[in-house]
Number of protein chains: 2
Amino acid sequence: MGRTFSKKEKLLQIAARHFSKHGYEGVSLDAIAKEVGITKAAIYYHFKDKDALYEAVLLFRLENLIAHIKASITAQNPEEKLRQYIESFGAFLEDYPCFAAILAHEFADNGKHMSEKAVQTLAQTLGTLTAILNEGIEKDIFTIQNPFAVQLMIVSSFVLHQTTAGLRKRVAHYVQEHAVTPEPDIKDLAKTLATKIIKAIRKAQ
Amino acid sequence: MGRTFSKKEKLLQIAARHFSKHGYEGVSLDAIAKEVGITKAAIYYHFKDKDALYEAVLLFRLENLIAHIKASITAQNPEEKLRQYIESFGAFLEDYPCFAAILAHEFADNGKHMSEKAVQTLAQTLGTLTAILNEGIEKDIFTIQNPFAVQLMIVSSFVLHQTTAGLRKRVAHYVQEHAVTPEPDIKDLAKTLATKIIKAIRKAQ
DNA sequence: GTATACTTACTTAACGACAGGTAAGGACGA
DNA sequence: TCGTCCTTACCTGTCGTTAAGTAAGTATAC
């Protein structure tokens, strides 16, 4: 039983795709409206302006993200928690590739279009990671880490993995030494990344 | 003895800054021209169109980059080569932060504005890395790696480190658990990243 | 039950600002 | 005088945004 979407939901969904493909500046409300099947002015009935539409798109998924991550961390020991953190991050970005691309655009222009609330929500993911790392350090499992550096490796790898698939294909075409290893999907990448990061920060026994 | 710059050089330099800050779509030629101190029409004397200007900016730095990396790799053993690769990549992006931001924008929209020539040049960096990894695998120093995954970790970490400094500062403000560890500069990050990656892919002795 | 008042969810049409791009011409050094 | 390096003036299209209007639905009063 496929549920029916209201025009507003359809608008948000299509807007997300447009913002993900072209970035804030590259998106025109005309184009969105046309695809939704309404007029541009109708967007202004639902949202104050372009900024508010973007904010709605971004905040919705950001809040999803932190809920998803928090729900995924069920383990007791820090190492397993860290693995769950990394893998749930990857799984979420796989499920919402548009969101990954929107994040990539946001990172590229230094969060220019992110409201304080959006930044605050994003900060919660980093807070969660920091707590895990601190616990690991206290229990003498991890070496001391800068949480920002670890977060950077995780988030940037996932986000750019999701967004640069087409570019990588073009690049691969020119790499002579490149044996045609199959491109790992994001779930494989998550596992690889988790293993690598844990290996890299774990205290030598 | 400060050399004098031609208008064209000044134009390229300022264009790079604009493209790095706002991305291709967000940049207006009027704004660039104004800052250079010429009129928009003068840009069309030097370049065919907006695309050609962007291409010139991007290709120039890309060619710099591969020259810089190749010149930096002087070691004999793969492990040291890999370290040099990573550190020279980081050093280059530190010297040209505008270039890092342009790359970030390009990654965010999947290389939409990259010409085949630009892609080809970018591919050379990946080719260099692949050769190093293959040598390490042959000599039984590294475990088998997907070069794309390793390149992804290196490039994405550096690029987003350079571009998201302001955003990270905003995020840090909301992270309660965050002890105010000083933000590592990119050279520290390069060392950390090199150590981590080598630790992660090196064969256990 | 039906007239009235009001809300919801849009459309049509237009606004001013500004985008990329161009044709024509002028200043100036060799 | 000829090419180089620009400027002035302008065109066309598209942008975000708004005002005004409207068909359909809902709530209330009698």
Side-chain angles (χ1 to χ4, degrees), chain A residues 3-60 101-102 105-106 108-109 111-115 118, chain B residues 3-60 101-102 105-106 108-109 111-115 118:
Chain A
R3 68 173 283 242
T4 63
F5 291 96
S6 72
K7 278 277 157 73
K8 189 174 177 179
E9 279 171 314
K10 200 176 170 189
L11 169 58
L12 279 169
Q13 210 175 292
I14 288 172
R17 238 198 17 251
H18 280 245
F19 284 124
S20 79
K21 277 199 183 135
H22 313 290
Y24 185 85
E25 266 97 10
V27 162
S28 98
L29 299 183
D30 280 305
I32 294 174
K34 193 174 177 189
E35 198 177 328
V36 177
I38 55 176
T39 59
K40 183 171 55 173
I43 296 177
Y44 284 83
Y45 171 75
H46 294 289
F47 298 96
K48 184 179 153 282
D49 52 19
K50 189 183 181 181
D51 237 84
L53 171 62
Y54 181 75
E55 167 86 355
V57 167
L58 180 62
L59 255 180
F60 179 65
I102 290 172
H105 278 108
E106 216 47 76
D109 53 19
K112 202 199 296 181
H113 305 286
M114 285 182 79
S115 65
Chain B
R3 69 173 282 241
T4 64
F5 290 96
S6 72
K7 278 276 158 71
K8 189 173 178 180
E9 279 171 314
K10 198 175 170 190
L11 169 59
L12 278 167
Q13 210 176 292
I14 289 173
R17 237 198 18 251
H18 278 246
F19 283 124
S20 79
K21 275 199 185 134
H22 312 290
Y24 184 86
E25 265 98 9
V27 162
S28 100
L29 299 183
D30 281 306
I32 294 175
K34 193 174 176 187
E35 199 178 326
V36 177
I38 54 176
T39 58
K40 182 173 57 174
I43 296 178
Y44 284 84
Y45 171 73
H46 292 290
F47 298 96
K48 186 178 152 284
D49 52 18
K50 188 182 183 182
D51 237 83
L53 172 61
Y54 180 74
E55 168 85 355
V57 167
L58 181 61
L59 256 180
F60 179 65
I102 290 173
H105 277 108
E106 216 47 73
D109 53 20
K112 201 199 298 180
H113 306 287
M114 284 180 80
S115 65

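First the proteins, then the strands, lettered A, B, ... as listed; each starts at 1.
- Other residues, nucleotides and ligands contribute over 12 non-hydrogen atoms within 6.0 Å of the NZ atom of A:Lys112.
- The separation between B:Leu53 atom CG and C:dG21 atom C1' is 14 Å, rounded to whole Å.
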**OP:** With side-chain contact (heavy atoms from CB on, under 4.5 Å) as the test, would you mind laying out the steps for B:His113 and B:His105 before giving the verdict?
**Re:** CA-CA 10 Å; B:His113 306 287; B:His105 277 108; over 6 Å; no

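- Atom-to-atom, CZ of B:Phe47 to P of C:dT22 comes out at 16 Å; the value is rounded to the nearest Å.
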Original post:
Could you write nucleotides 6-20 of chain D as a row of B, S and -, 5' to 3', where a protein heavy atom under 4.0 Å of any base atom gives B, of only sugar-phosphate atoms gives S, and otherwise -?
Top reply: BBB------SBBBB-

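- Listed here is the closest heavy atom pair of A:His18 and A:Val27: O-CG2, 3.2 Å.
- The two atoms that bring A:Ala16 and A:Ile102 nearest to each other are O-CD1, 3.7 Å, heavy atoms only.
- Between B:Tyr24 and B:Tyr54, the ring planes are perpendicular. Angles over 60° get that label, and only those under 30° would be called parallel.
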